[in-house]
Amino acid sequence: AVAWNKALIQAARWANSNKQAVIEFGQTKVPGITADKAWGLYDYYIKLGMWPVNGGMSKELVYGDHELWAKSKDMAPMPYEKWGTNEFQDKALAEIGKQ
């Protein structure tokens with residue numbers, strides 16, 4: 001789980017630092033997208049925090065998902081501390097450092 005978190009964080013850091021490469025890759029996956037549109041989407045995703053450089057796991061984010069599951073009856077309501085953890089993200093950041 002630590003290795004998975006490290007990979008996600010490193011990929012996010014790469015995406016934040018390699019705009020041209022991300023756009024070129026995106027253009028191979030979205031037929032017909034113009035360069036202008038791709039550049040605009042990249043900037044929009046950056047503003048949204050799409051690729052968090054220090055991991056995206058937070059108690060608030062995870063609990064928001066949990067609330068949706070509980071409302072749909074897919075998961076019984078319970079405190080985050082009983083089932084959620086930032087342990088692996090924190091260990092990954094300890095190994096690769098925060099930005």
Side-chain angles (χ1 to χ4, degrees):
V2 173
W4 175 260
N5 275 268
K6 284 172 56 176
L8 290 174
I9 293 167
Q10 290 168 328
R13 290 176 180 182
W14 179 87
N16 275 278
S17 300
N18 292 281
K19 183 175 185 175
Q20 182 68 41
V22 171
I23 289 169
E24 289 172 4
F25 175 76
Q27 287 179 296
T28 68
K29 300 298 177 189
V30 182
I33 192 168
T34 66
D36 286 342
K37 181 76 168 186
W39 284 85
L41 286 170
Y42 179 93
D43 291 338
Y44 176 72
Y45 289 148
I46 291 294
K47 286 179 188 174
L48 284 178
M50 180 72 118
W51 302 296
V53 298
N54 289 314
M57 180 68 67
S58 70
K59 180 178 178 178
E60 294 76 24
L61 179 64
V62 173
Y63 202 75
D65 284 347
H66 174 261
E67 287 177 337
L68 288 175
W69 297 331
K71 285 178 185 174
S72 67
K73 310 266 191 265
D74 291 327
M75 183 180 208
M78 68 178 75
Y80 171 82
E81 291 74 16
K82 284 195 169 196
W83 62 275
T85 182
N86 290 359
E87 173 187 0
F88 305 114
Q89 177 178 278
D90 293 345
K91 285 181 179 180
L93 288 170
E95 290 182 22
I96 62 176
K98 285 189 174 186
Q99 285 191 352

May I ask you to test the [X]-[Y] pair for a side-chain heavy-atom distance under 4.5 Å?
| X | Y | answer |
| --- | --- | --- |
| Asn54 | Gln89 | no |
| Ile46 | Lys19 | no |
| Tyr44 | Met50 | no |

Rounding to 0.5 Å, atoms CG (Asn5) and CG (Leu93) come to a distance of 8.0 Å
Requested in this report: Using a cut-off of 6.0 Å, state whether more than 12 heavy atoms not belonging to Trp4 lie near its atom CH2.
Outcome: no
In a table with atom names and distances, give each donor-acceptor pair under 3.5 Å that connects a side chain of residues 21-36 to protein atoms at least two apart or in another chain.
unit_1 : atom_1 : unit_2 : atom_2 : d
Glu24  : OE2    : Gln20  : NE2    : 2.7
Thr28  : OG1    : Phe25  : O      : 2.5
Thr34  : OG1    : Lys37  : N      : 3.0

Practice problem: Check whether any side-chain N or O of Asn16 sits under 3.5 Å from a backbone N or O of Trp51 as a donor-acceptor pair, and report yes or no. | Solution: yes
Correct closest heavy-atom pair for Pro52 and Ala12 would be O-CB, 3.3 Å
On a heavy-atom basis, the closest approach of Lys98 and Arg13 is CA-NH2, 3.8 Å
#### Entry: Cluster check Trp39, Leu41: I/L/V/M/F/W/Y, side chain < 4.5 angstrom
yes
Determine, for Lys91 against Glu87, whether the closest basic-nitrogen to carboxylate-oxygen distance falls under 4.0 angstrom.
yes
